[in-house]
Amino acid sequence: MARNSPARPSSARELLFGDLWEFDPAPESAPAHIEPSYGLFINGRFVAAKSRRRFDSISPRNGAKLAEISEANAADVDAAYQAADKAFKSWSKIPGRDRSKFLFRIARLLQDRAREFAVAETLDGGKPIRESRDFDLPMAAAHFFYHAGWADKLDHVAPGRRLAPLGVIGQVIPWNFPLLMLAWKIAPALATGNTVVIKPAETTSITALKFASILQDAGLPPGVVNIVTGGAETGALVVNHPLAAKIAFTGSTDVGKIIQHSLAGTGKKLSLELGGKAANIVFEDAPLDQAVEGVINGIFFNQGHVCCAGSRLLVQEGIAAAFTARLKRRMATLRVGDPLDKNTDVGAINSLAQLKKIQELVQSGIDDGTEMHQHACQLPKKGFYFPPTLFSGVSMSQRIASEEIFGPVLSILTFRTPEEAIEKANNTRFGLSAGVWTDKGSRILMMASRLKAGVVWANTYQKFDPASPFGGYKESGFGREGGKHGLLEYSQLV
Ligand code: NAD
């Protein structure tokens, strides 16, 4: 249906979807095979937690209980480390080509069961099935394939030097890309000959626990990967266990700081992948249609639960009004709702706690008197949802411009010159990612060299590859994941 919209001159016609063009529901129907309750995966098999404590995993899609998850205590975490330490003695000695075979097997098994895992990921975490199916699962498999390729070539990473494994690696991951973060952590650790104790986030443990069955099917020796579940307390036990040679953490900056303090002086190696508040910078000469897509994808992908989300749009003053109008029109076509529906673009907020945090920060923007625009969509009655939101005319002193919201909320700021754009983009305690949209190649190179961000995308956004190292500056953390750099995080040069 074509009609005029208020954001456009009356002469211009456009296609509007929203309530005018309703899609029939298209729910993904593949079974997720979720067990009613899960133990801990230690030494190659599921065991009951010594703690005898359990908690519920809730689906943010509708608030329903999905499964009971075990909460590991000190004795459980110790059992996982003992198993990993024992396994290290043989795993670290087997030839790289043999480790490689295990990683290839894991990658292929993940591909075989991709649909089932995608449904489980969406039920457990709330992200649209389109994303878990087309992004999380293929990327997780790609990380295992990529590192399978490295396992027998480690002698070529640093000519004249050898990469030796570190020992048992303790890993703690967040809830925004549960399986993918697990792959980012486990694949390089195993490829370099280490063994692992990993803890998924408490709201999204299910795909990690399902992954244990892939390890069993791949015939991975017992103890090489151990999966313990629980919340912050269990995380602290994983981080502080004396057998850990290295800790790899992905999560919030606040928790990253606690971990850095507690590891000081222990000699353990540490990598921290923390929060972000990325600037997505659009110049007047940018390809505007593509830039609109990049900005929308940059902030609304995975409901904005993305460390490198383009949550601050810096747009050049001359096009600010027109560009904002285009963004609003594009927002009106986003389909928000049931994440299991294949038509959905923006799914559920991961947890009630996260929904409250988003609401609180959005309220601060409203209280500051900033102009807010929200997608006028019908949200499902059950579950945790928040409409795509943008604030225009934001200033750097506001909380919505400086704090990580981790939700579908975009703050729009303007600039006049490239210098001002760089100044504003770098005026943050974070430094994880940035985007630059311009027709001018020399400006892209200049901006990329002066933006203090671990990743700078040019005329695109949210593009990832296992071969490309990812990581931050400043309070976004240190260390790199992926590529050759990522291998060095899990080894010592001898
Ligand atoms: P979080 O820090 O609250 O939790 C992350 C993990 O740490 C969870 O498994 C949690 O149980 C555990 N944990 C909590 N307290 C702990 C403690 N004291 N000691 C040890 N472990 C503890 O973060 P979150 O809310 O799950 O995830 C969102 C954050 O993760 C955002 O800030 C986001 O930017 C960040 N993140 C960063 C990257 C990156 O690559 N830089 C990627 C994804 C997410």
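Just so you know, ligand 1 is whichever comes first in the structure, and atom 1 is the first atom listed for that ligand. Any value given below was found using the heavy atoms of this structure, including those in side chains, with hydrogens, waters and symmetry copies removed. Note that the numbering runs from 1 along the sequence shown for the chain.
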Checking contacts now, so for atom 4 (O) of ligand 1, which I'm interested in, is there any protein heavy atom under 4.0 Å?
no
Any idea which of Ala232, Pro178, Ser205 brings a heavy atom closest to atom 15 (N) of ligand 1?
Ala232
Protein heavy-atom partner closest to atom 28 (C) of ligand 1 - residue, atom, separation in Å:
Phe406 CE2, 3.5 Å
Taking salt bridge (Lys or Arg N to Asp or Glu O under 4.0 Å) as the definition, give me every residue that meets it alongside Lys257, ordered by chain and number, with sequence neighbours left out.
Glu475
Examine ligand 1 and decide if any of its atoms is less than 4.0 Å from a heavy atom belonging to Gly477.
no
Could you list the atoms of ligand 1 found under 4.0 angstrom from a heavy atom of Ala201?
9 (O)
salt_bridge(Arg133, Glu121) N-O dist < 4.0 Å
no
Under a plain distance cut-off of 3.5 Å, with no hydrogens placed, do Ser468 and Lys463 share a side-chain donor-acceptor pair?
no
For ligand 1, which atoms have a heavy atom of Pro200 less than 4.0 angstrom away?
9 (O)
Closest to atom 27 (O) of ligand 1 among protein heavy atoms sits Pro174 CB, 3.3 Å
Minimum-distance protein heavy atom relative to atom 31 (C) of ligand 1:
Glu404 OE1, 3.4 Å
Is there a polar contact, in the sense of an N or O pair closer than 3.5 Å, between Ser252 and ligand 1?
yes
Hey, are Lys357 and Glu360 close enough for a salt bridge, meaning a charged N less than 4.0 Å from a carboxylate O?
no
Protein heavy-atom partner closest to atom 36 (N) of ligand 1 - residue, atom, separation in Å:
Cys307 CB, 3.5 Å
Under 3.5 Å donor-acceptor, Thr370 side chain and Ile366 backbone:
no
Enumerated ligand 1 atoms positioned under 4.0 Å from heavy atoms of Gly235:
19 (N), 20 (C), 21 (N)
Would you mind checking if Asp345 and Arg335 are paired as a salt bridge, meaning a charged N to carboxylate O distance below 4.0 Å?
no
Within the 4.0 Å heavy-atom cut-off, what Asn176 brings close to ligand 1 is side chain
Out of Asn350, Leu237, Leu432, Val172, the nearest non-hydrogen contact to atom 12 (C) of ligand 1 is supplied by Val172
Angle class for the Phe464/Phe470 ring planes (parallel below 30°, perpendicular above 60°, tilted otherwise)?
tilted
Do me a favour and list the nearest non-hydrogen protein atom to atom 9 (O) of ligand 1 with residue, atom name and distance?
Ile173 O, 2.8 Å
Between Glu293 and Arg330, is the closest basic N to carboxylate O distance under 4.0 Å?
yes
Determine whether the side chain, the backbone, both or neither of Cys308 has a heavy atom under 4.0 Å from any heavy atom of ligand 1.
neither
Selection from Ser476, Gly275, Gly251 by shortest heavy-atom distance to atom 35 (C) of ligand 1:
Gly251
Would you name the heavy atoms of Tyr146 and Gly483 that are closest together and state the gap between them?
OH-CA, 3.2 Å
For residues Lys50 and Asn73, report the shortest heavy-atom separation together with the two atoms involved.
C-ND2, 4.1 Å
Relative to ligand 1, is Glu202 under 4.0 angstrom through side chain, backbone, both or neither, heavy atoms considered?
side chain
Going by the rule salt bridge (Lys or Arg N to Asp or Glu O under 4.0 Å), which residues pair with Arg480 if we only count those two or more places apart in sequence or in a different chain?
none
among protein heavy atoms, the one nearest atom 41 (N) of ligand 1 is Leu274 O, 2.8 Å
Pick one of side chain, backbone, both or neither for how Phe177 approaches ligand 1, counting any non-hydrogen atom pair under 4.0 Å.
neither
To which protein heavy atom is atom 25 (O) of ligand 1 closest, and what is the distance rounded to 0.1 Å?
Trp175 NE1, 3.0 Å
Does the plane of the ring in Phe406 sit parallel, tilted or perpendicular to the ring in Trp175? Use 30° and 60° as the thresholds.
perpendicular
Suppose we measure from atom 18 (N) of ligand 1 to each protein heavy atom; which comes out shortest, and what is that distance?
Val255 CG1, 4.1 Å
Less than 3.5 Å between some nitrogen or oxygen of Lys199 and one of ligand 1, yes or no?
yes
Ala278 to Cys308 - nearest heavy-atom pair and separation
CB-O, 4.0 Å
